[in-house]
Amino acid sequence: MLSPDERRDLAREISRLASASVEQMLAAPPAAPGRSARRIGFTGPPGVGKSTLVGSLVERRAARGTSVAVLAIDPASPYSKGAILGDRIRMDRASDNSRVFMRSVSSRDSQDGMCNNVADILTTLEASGFDEVVLETVGVGQAEHAVKALVDTVVLLMQPETGDAIQALKAGILEVADIIVISKSDLPGSARMREHLASTVRFGAKRAVDWTTPVLGVSVDTGAGLEELEQALDAHAQWATTHRDAVAIQRSRMRYRVQDLILRQLDHTLASLDDTDYAAALPALYAATVKKLLPRP
Ligand SMILES: Nc1nc2c(ncn2[C@@H]2O[C@H](COP(=O)(O)OP(=O)(O)O)[C@@H](O)[C@H]2O)c(=O)[nH]1
Ligand SMILES: [Mg+2]
């Protein structure tokens with residue numbers, strides 16, 4: 001468990017990383033930690049109930065002695081504090097717990113609904129000694145695919161009678177999920193949606209792995225399904241120890257980090273080219289862009 005000073009330093013380090021430029025990240029990338037935490041990602045559309053569920057879950061886990069760090073990616077611009085405040089209130093009870101550390105960071109400049117340098121922030125939380133690191137993403141299509149590279153278990157939330165399931169099917173997001181949660185199962189339509197999704201998962205998607213994605217109805221309001229969700233999380237962690245390859249995980253995380261930096265640098269470079277550059281033939285424009293991509297020392 002961290003002392004108040006350590007918690008303050010960690011919060012500061014996260015803010016620093018979330019605003020660090022490509023040049024700064026290349027000059028001093030955080031070192032790989034000597035330990036690993038269990039990483040769980042929660043994703044799904046805004047308002048589906050991610051923060052509420054994460055708040056309740058980490059409280060339960062902390063009560064059993066598990067220390068948990070939560071990074072919540074916030075869609076709000078830094079000027080409108082609405083969502084940040086909302087998340088604080090929903091996660092507040094848990095964040096008073098000394099085994100729990102929570103921090104929300106803006107997704108404002110990112111390409112994929114994450115925050116800048118998210119992989120390095122997760123690594124920093126991991127290095128701080130937490131048993132589990134939880135990532136709550138803004139559910140905006142790309143984020144679902146990005147989260148897969150960053151965590152060990154992806155929990156996808158969908159709300160009954162909202163068309164979330166149809167959207168998820170269209171976007172191919174179901175395949176990303178290790179566990180599907182029908183949130184707010186106290187609302188009407190939950191059981192029907194659960195049956196529909198469970199059969200879609202069982203018969204629809206061809207999966208290369210022998211993990212059958214559970215589809216669970218969960219209500220934080222009534223407490224229904226929370227125990228089943230925890231069991232599913234443990235079962236998936238158990239499954240992952242024998243079916244996931246550490247080298248491949250490391251590789252996909254490094255790939256995410258380098259891609260994140262290159263895409264940001266590319267954005268700056270393309271914005272900095274002038275009309276003459278864009279008037280050139282395609283191969284010349286390509287070559288000039290690639291050359292300018294290298295950050296200046
Ligand atoms: N009826 C019901 N409402 C819920 C439940 N969980 C969350 N909510 C509400 O759904 C809204 C959005 O929740 P939030 O956790 O902020 O969603 P997020 O944007 O996905 O993080 C809030 O008004 C919550 O009070 C639930 O189990 N049942
Ligand atoms: Mg939230």
Side-chain angles (χ1 to χ4, degrees), residues 14 18 40-61 68-78 80-96 100-108 110 112-115 118 121-122 125 133-144 146-147 150-151 153-165 167-168 171 173 176-177 179-194 197 215-230 232-233:
I14 290 168
I40 308 171
F42 289 81
T43 189
V48 73
K50 299 178 295 294
S51 297
T52 310
L53 181 59
V54 167
S56 149
L57 217 56
V58 298
E59 215 177 48
R60 288 169 65 100
R61 296 175 96 73
V68 191
V70 179
L71 179 70
I73 312 293
D74 205 298
S77 82
S80 97
K81 294 264 167 63
I84 297 177
L85 217 62
D87 275 355
R88 289 252 169 84
I89 291 163
R90 281 186 261 294
M91 291 178 159
D92 228 19
R93 265 158 53 82
S95 58
D96 287 341
V100 178
F101 177 89
M102 287 186 168
R103 184 86 189 158
S104 72
V105 174
S106 165
S107 63
R108 78 201 121 102
S110 90
D112 59 3
M114 294 295 175
C115 60
V118 60
I121 296 176
L122 293 175
L125 291 171
V133 173
V134 168
L135 173 66
E136 177 191 332
T137 75
V138 181
V140 284
Q142 276 310 96
E144 269 85 1
V147 73
L150 296 169
V151 302
T153 303
V154 178
V155 182
L156 172 67
L157 279 77
M158 283 179 275
Q159 197 177 317
E161 303 199 321
T162 48
D164 287 353
Q167 288 305 323
I173 286 167
V176 174
I179 298 169
I180 295 173
V181 163
I182 314 300
S183 62
K184 312 185 190 181
S185 66
D186 51 289
L187 299 180
S190 170
R192 189 152 27 99
M193 184 172 180
R194 186 179 168 184
L197 279 173
V215 182
L216 310 169
V218 175
S219 167
V220 177
D221 280 11
T222 67
L226 286 171
E227 188 58 45
E228 287 85 343
L229 176 55
E230 291 207 74
L233 287 169

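Read the numbers this way: they start at 1 and go in the same order the structure lists the ligands and their atoms.
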From Lys184, Lys50, Gln159 - option closest to atom 8 (N) of ligand 1 by heavy atom: Lys184
Looking only at distances, please establish whether an N/O atom of ligand 1 is found under 3.5 Å from an N/O atom of Val220. yes
Would you check whether Gly47 has a nitrogen or oxygen atom less than 3.5 angstrom from a nitrogen or oxygen atom of ligand 1? yes
Should you measure from each heavy atom of Thr52, which atoms of ligand 1 turn up under 4.0 Å away? 6 (N), 7 (C), 13 (O), 14 (P), 15 (O), 24 (C)
What part of Pro46, side chain from CB on, backbone N/CA/C/O, both or neither, has a heavy atom under 4.0 Å from ligand 1? backbone
Using a 4.0 Å cut-off to any heavy atom of Asp186, which atoms of ligand 1 qualify? 1 (N), 2 (C), 26 (C), 27 (O), 28 (N)
Determine whether Leu187 and Glu161 satisfy the following criterion, side chain to side chain contact (heavy atoms under 4.5 Å, CB included), listing intermediate values before the conclusion. CA-CA 9 Å; Leu187 299 180; Glu161 303 199 321; over 6 Å; no
For the pair Ser183 (side chain) and Val48 (backbone), establish whether a donor and an acceptor sit closer than 3.5 Å, ignoring hydrogens and angles. yes
What is the minimum heavy-atom distance between Ala232 and Leu216, and which atoms define it? CB-CD1, 3.9 Å
Name, closest N/O/S atom of Glu136 to the Mg ion (ligand 2): OE2
Which heavy atom of Leu157 sits nearest to which heavy atom of Pro45, and what is that distance? O-CD, 3.6 Å
Determine whether Val134 and Leu57 satisfy the following criterion, side chain to side chain contact (heavy atoms under 4.5 Å, CB included), listing intermediate values before the conclusion. CA-CA 10 Å; Val134 168; Leu57 217 56; over 6 Å; no
For ligand 1, which atoms have a heavy atom of Glu136 less than 4.0 angstrom away? 21 (O)
Between Ser51 and the Mg ion (ligand 2), is there a contact where an N/O/S atom of the residue lies under 2.8 Å from the metal? yes
Side chain of Lys50, backbone of Gly44: donor and acceptor closer than 3.5 Å? yes
Does ligand 1 have a heavy atom under 4.0 Å from the side chain of Thr222, from its backbone, from both, or from neither? neither
What distance separates Ser185 OG from Met193 CE, expressed to the nearest 0.5 Å? 11.5 Å
